[in-house]
Each structure stands twice: as structure tokens, then as C-alpha cells.
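Comments concern the structure below.
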Amino acid sequence: MAGAVAIYSPGATDSGGAGVCNTPPTPLGPPVVGKYFLMGIPPVLEGDQMTPAAGTTPAGFPCTTPRIAVSTSTKVRFGGRRVCFPGDPLNSATNLLIGPSAASPKVFAV
């Protein structure tokens, strides 16, 4: 995948999940305090763990979905960790993805 790098910008959300735990779009975060920044905002890097998303099971019971970033980048790394793009998975069991609202408006990569 190539395109805009995912960042922890205000208002950035995931896609919402479905399946074993149905979740609405949830803000990415908490923002990672790190040493790498794009336009003053930290990028989403492979392995970043975000606050679990709250939702409900198909039967209507409360559940949470863990969110761990998995990158599809083949070349771009910060400190040895690959950058993520909007559309990269956060939880494959619930088809939870980084939402398009996390796209950096000026930084693109492959």
C-alpha cells in the first residue's frame, strides 16, 4: 500500500468493527508520546497499542476489542518500526481498520 501516513491527529478514528464484537468508530489513542513526529503529530507505528474499543456482541452483551496496529508499509520505518496507513488493520478478528480520518494531509509513503 502507498499513500498518506496514519497519524494520531485530533478526530482520527478507526473504521468500527463487526463480528464477535461490534464497535462504533472509536478515536485512535491515546496519542503516543514518542520521539518521532510528522507535522508535530506522532505517526501510528506498527505495534502501537490503543485503548480497546467498547462494543456489543451479536447477542447484545458488552465486549471490548483490542486494537494493535499492523503495518502494510514495506519501506518506511521510524526507529525500526514500520509506519501505518489508513486502512491498515487494528484487529483482524473484527475487521477493525485505521480510518481515513487518520490520514496525514502532507506526508505520503510506500
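- For the atom pair SG of Cys84 and CG of Leu97, the computed distance is 11.5 Å after rounding to the nearest 0.5 Å.
- A donor-acceptor contact shorter than 3.5 Å links the side chain of Thr26 to the backbone of Pro24.
- Residues Phe78 and Val5 form no side-chain contact, since every pair of their non-hydrogen atoms from C-beta on lies 4.5 Å or further apart.
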Leu96 and Thr65: CA distance, side-chain angles, deciding distance, side chain to side chain contact (heavy atoms under 4.5 Å, CB included) verdict: CA-CA 9 Å; Leu96 192 60; Thr65 297; 3.9 Å; yes

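- With contacts defined as side-chain heavy-atom distances shorter than 4.5 Å, the pair Pro58/Asn22 qualifies.
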Applying side chain to side chain contact (heavy atoms under 4.5 Å, CB included) to Arg77 and Leu45, what does each step give before you reach the verdict? CA-CA 8 Å; Arg77 296 172 187 265; Leu45 300 175; over 6 Å; no

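- Note: Ser104 OG to Met39 CE = 3.5 Å, rounded to the nearest 0.5 Å.
- Under the 3.5 Å distance criterion, the side-chain polar atoms of Asn95 are left unmatched by any main-chain donor or acceptor of Gly17.
- When atom types are taken as modelled, the side chain of Arg82 and the backbone of Ser71 share a donor-acceptor pair closer than 3.5 angstrom.
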Please determine whether side chain to side chain contact (heavy atoms under 4.5 Å, CB included) holds for the pair Asp88 and Val70, giving the CA-CA distance in whole Å, both sets of side-chain angles, and the decisive distance to 0.1 Å. CA-CA 6 Å; Asp88 280 357; Val70 177; 6.0 Å; no

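- Within the 4.5 Å cutoff, the side chain of Ser73 has heavy atoms near those of the Phe85 side chain.
- Using a 4.5 Å heavy-atom cutoff, the side chains of Val44 and Tyr8 are in contact.
- Ser101 contributes a side-chain N or O that, together with a main-chain N or O of Thr13, makes up a donor-acceptor pair within less than 3.5 Å.
- For Arg67 (side chain) and Pro52 (main-chain N/O), no donor-acceptor pair under 3.5 Å exists by modelled atom type.
- Of the inter-residue distances, the one linking Ser9 atom OG with Leu38 atom CG reads 11.0 Å to the nearest 0.5 angstrom.
- Taking the side chain as every heavy atom from C-beta outward, Ile68 and Leu90 never approach each other to under 4.5 Å.
- Across all non-hydrogen atoms, the minimal contact from Pro100 to Pro86 is CA-CB, 4.0 Å.
- Residues Met50 and Asp14 form no side-chain contact, since every pair of their non-hydrogen atoms from C-beta on lies 4.5 Å or further apart.
- Side-chain atoms of Thr56 and Phe61, non-hydrogen and from C-beta on, never get closer than 4.5 Å to each other.
- Taking every heavy atom of both residues into account, Thr57 and Cys63 meet most closely at N-SG, 3.7 Å.
- Looking at every heavy atom in both residues, Ala6 comes nearest to Ile98 through CB-CG2, 3.9 Å.
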